[in-house]
Amino acid sequence: MKRSRWYAIRVAPGYQRMAAADERLPESRRMESIIERNCRKDGFDIFMPSFYAELKHHRTNKIIQKRFPFLVGYAFVNLPKLNFEELRRIDGVVCFLRGGAAYGPLEFPDATIESLYFAEHERRQAFLYEQHCRKENERHEQIQHLRGQLRKILPKGRKARVSMVDQAERAIDSLSPQIKERVQKIISELNALTGDVDVENLRQAV
């Protein structure tokens with residue numbers, strides 16, 4: 001079994017950007033950078049320590065997920081065969097990081113690479129938690145928004161202990177066809193947002 005031999009490469013500007021989406025690739029490679037795709041295409045094992053962030057699109061306001069390098073301008077490549085010249089020919093590879101003018105490419109110990117893998121994993125878990133919290137907050141805000149719409153549509157004077165959904169179901173037959181369709185749509189959206197477990201809670205007094 002060949003041991004790992006990690007070397008740092010200098011990456012050309014722009015090659016650490018995310019590559020174009022390719023649905024043929026496995027899920028683990030969906031957000032790879034251009035330099036990663038170029039190296040992997042030629043069979044090289046590359047590691048670009050990265051972190052993820054959610055950004056709001058400046059035109060659509062849609063939340064998009066982006067991946068950025070921890071070490072701007074650098075990545076690590078495993079070269080157990082020491083085939084430096086083959087790697088230098090790959091588009092986006094500028095040069096190897098050297099130990100000095102009189103030395104060849106600088107080799108990094110496995111412990112250094114493992115530390116970077118751990119740092120990347122830790123930041124990834126923090127990102128996933130932040131993403132989950134954001135989605136839960138958005139779900140809660142949407143539920144409150146839909147409930148507010150029901151309050152505007154339904155008759156006034158409902159009893160405090162009557163759930164809004166129950167009131168909608170009882171009053172729906174007396175509504176005009178257009179309003180009835182809107183109320184039914186809101187109820188469906190609420191059920192989808194709250195899920196099976198929360199539907200009964202929604203039926204309690206609010």
Side-chain angles (χ1 to χ4, degrees), residues 1-139 141:
M1 185 175 181
K2 297 177 181 178
R3 74 180 184 90
S4 298
R5 303 195 70 166
W6 290 96
Y7 297 87
I9 58 170
R10 183 77 169 134
V11 181
Y15 280 77
Q16 287 181 303
R17 296 196 319 268
M18 288 170 55
D22 187 344
E23 297 300 323
R24 297 169 298 177
L25 294 173
E27 185 67 29
S28 60
R29 291 185 56 185
R30 292 291 168 85
M31 297 187 72
E32 67 185 355
S33 64
I34 298 171
I35 188 63
E36 288 173 310
R37 182 167 297 178
N38 290 350
C39 287
R40 288 167 181 160
K41 183 180 64 175
D42 286 352
F44 288 98
D45 182 15
I46 183 171
F47 172 47
M48 188 182 78
S50 306
F51 66 95
Y52 294 79
E54 288 188 327
L55 304 175
K56 185 176 288 188
H57 194 280
H58 66 283
R59 288 198 304 270
T60 65
N61 284 331
K62 182 180 179 181
I63 298 294
I64 54 178
Q65 188 178 130
K66 290 284 188 178
R67 180 170 171 249
F68 300 96
F70 273 129
L71 306 174
V72 177
Y74 294 95
F76 297 91
V77 180
N78 182 23
L79 294 176
K81 296 180 180 179
L82 303 180
N83 45 343
F84 299 107
E85 292 306 317
E86 290 180 35
L87 184 67
R88 283 192 180 97
R89 290 195 289 268
I90 291 179
D91 190 25
V93 175
V94 176
C95 63
F96 286 90
L97 189 64
R98 304 172 71 88
Y103 299 92
L106 183 62
E107 184 176 347
F108 288 80
D110 286 347
T112 299
I113 304 302
E114 288 169 2
S115 295
L116 290 170
Y117 266 113
F118 180 78
E120 180 183 69
H121 174 75
E122 196 171 59
R123 185 62 191 89
R124 175 67 171 164
Q125 295 308 306
F127 168 76
L128 291 174
Y129 176 74
E130 293 163 3
Q131 185 183 59
H132 170 76
C133 291
R134 177 187 61 77
K135 289 180 178 179
E136 282 299 299
N137 287 337
E138 289 179 352
R139 187 175 72 94
E141 290 172 2

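Keep in mind that what you see is a predicted model, and the values were worked out from it rather than measured.
Remark: Y117 pairs with F47 by the ring pair (Phe, Tyr, Trp, His ring centres under 6.0 Å) rule, at least two apart or across chains. Qualifying salt bridge (Lys or Arg N to Asp or Glu O under 4.0 Å) partners for R24, counting only residues two or more places apart in sequence or in other chains: D22. R124 pairs by the side chain to side chain donor-acceptor pair (under 3.5 Å) definition with nothing, not counting sequence neighbours. With sequence neighbours excluded, the residues that form a side chain to side chain donor-acceptor pair (under 3.5 Å) with E85 are R88. For R17, the side chain to side chain donor-acceptor pair (under 3.5 Å) criterion is met by no residue, not counting sequence neighbours. Judged as a ring pair (Phe, Tyr, Trp, His ring centres under 6.0 Å), and not counting sequence neighbours, the contacts of F51 are F68, F70. With sequence neighbours left out, F44 forms a ring pair (Phe, Tyr, Trp, His ring centres under 6.0 Å) with no residue at all. Applying the side chain to side chain donor-acceptor pair (under 3.5 Å) test to Q125 and every residue at least two apart in sequence or in another chain returns nothing. In this view, Y15 satisfies the ring pair (Phe, Tyr, Trp, His ring centres under 6.0 Å) rule with no residue, not counting sequence neighbours. Applying the salt bridge (Lys or Arg N to Asp or Glu O under 4.0 Å) criterion to E107, with sequence neighbours excluded, gives R3, R5.
Residues K135 and R139 form no side-chain contact, since every pair of their non-hydrogen atoms from C-beta on lies 4.5 Å or further apart. Residues K81 and E86 are not in side-chain contact: their nearest non-hydrogen atoms beyond the backbone lie 4.5 Å or more apart. Looking at heavy atoms from C-beta onward, P49 lies in side-chain contact with F76 at the 4.5 angstrom threshold.
In this structure a side-chain-to-backbone donor-acceptor pair under 3.5 Å is present from S50 to M48.
Here I9 contributes atom CD1 and L79 contributes atom CG; the two are 9.0 Å apart, rounded to the nearest 0.5 Å. To the nearest 0.5 Å, atoms CE (M31) and OH (Y52) are separated by 5.5 Å. Note: L71 CG to L116 CG = 6.5 Å, rounded to the nearest 0.5 Å. Here the CG atom belonging to L106 is positioned 14.5 Å from the CH2 atom belonging to W6, to the nearest 0.5 angstrom. For the atom pair NZ (K56) and CD1 (I63), the distance works out to 5.5 Å, reported to the nearest 0.5 Å. With rounding to the nearest 0.5 angstrom, the CG atom of L87 is 11.0 Å from the SG atom of C95.
Summarising the geometry of K66 relative to L55, their closest heavy-atom pair is CG-CD1, 3.9 Å, with the distance given to 0.1 Å. Taking every heavy atom of both residues into account, G14 and I34 meet most closely at O-CD1, 3.7 Å. Between I90 and C39, the shortest heavy-atom contact is CD1-CA, 4.0 Å.
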Audit row: F108, L97, side-chain contact (heavy atoms from CB on, under 4.5 Å) steps and yes/no: CA-CA 10 Å; F108 288 80; L97 189 64; 3.9 Å; yes
Verify salt bridge (Lys or Arg N to Asp or Glu O under 4.0 Å) between R134 and E138, making sure each step is shown before the conclusion. CA-CA 6 Å; R134 177 187 61 77; E138 289 179 352; 2.8 Å; yes
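Pairs of residues two or more places apart, or lying in two chains, that qualify as ring-ring contact (aromatic ring centres under 6.0 Å, His included) and include a residue from residues 78-99 are Y7-F84, F84-F96. Sorted by first and then second residue, the pairs that involve residues 35-48 and meet side chain to side chain donor-acceptor pair (under 3.5 Å), not counting sequence neighbours, are E32-R37, E32-R40, S33-E36, E36-R67.
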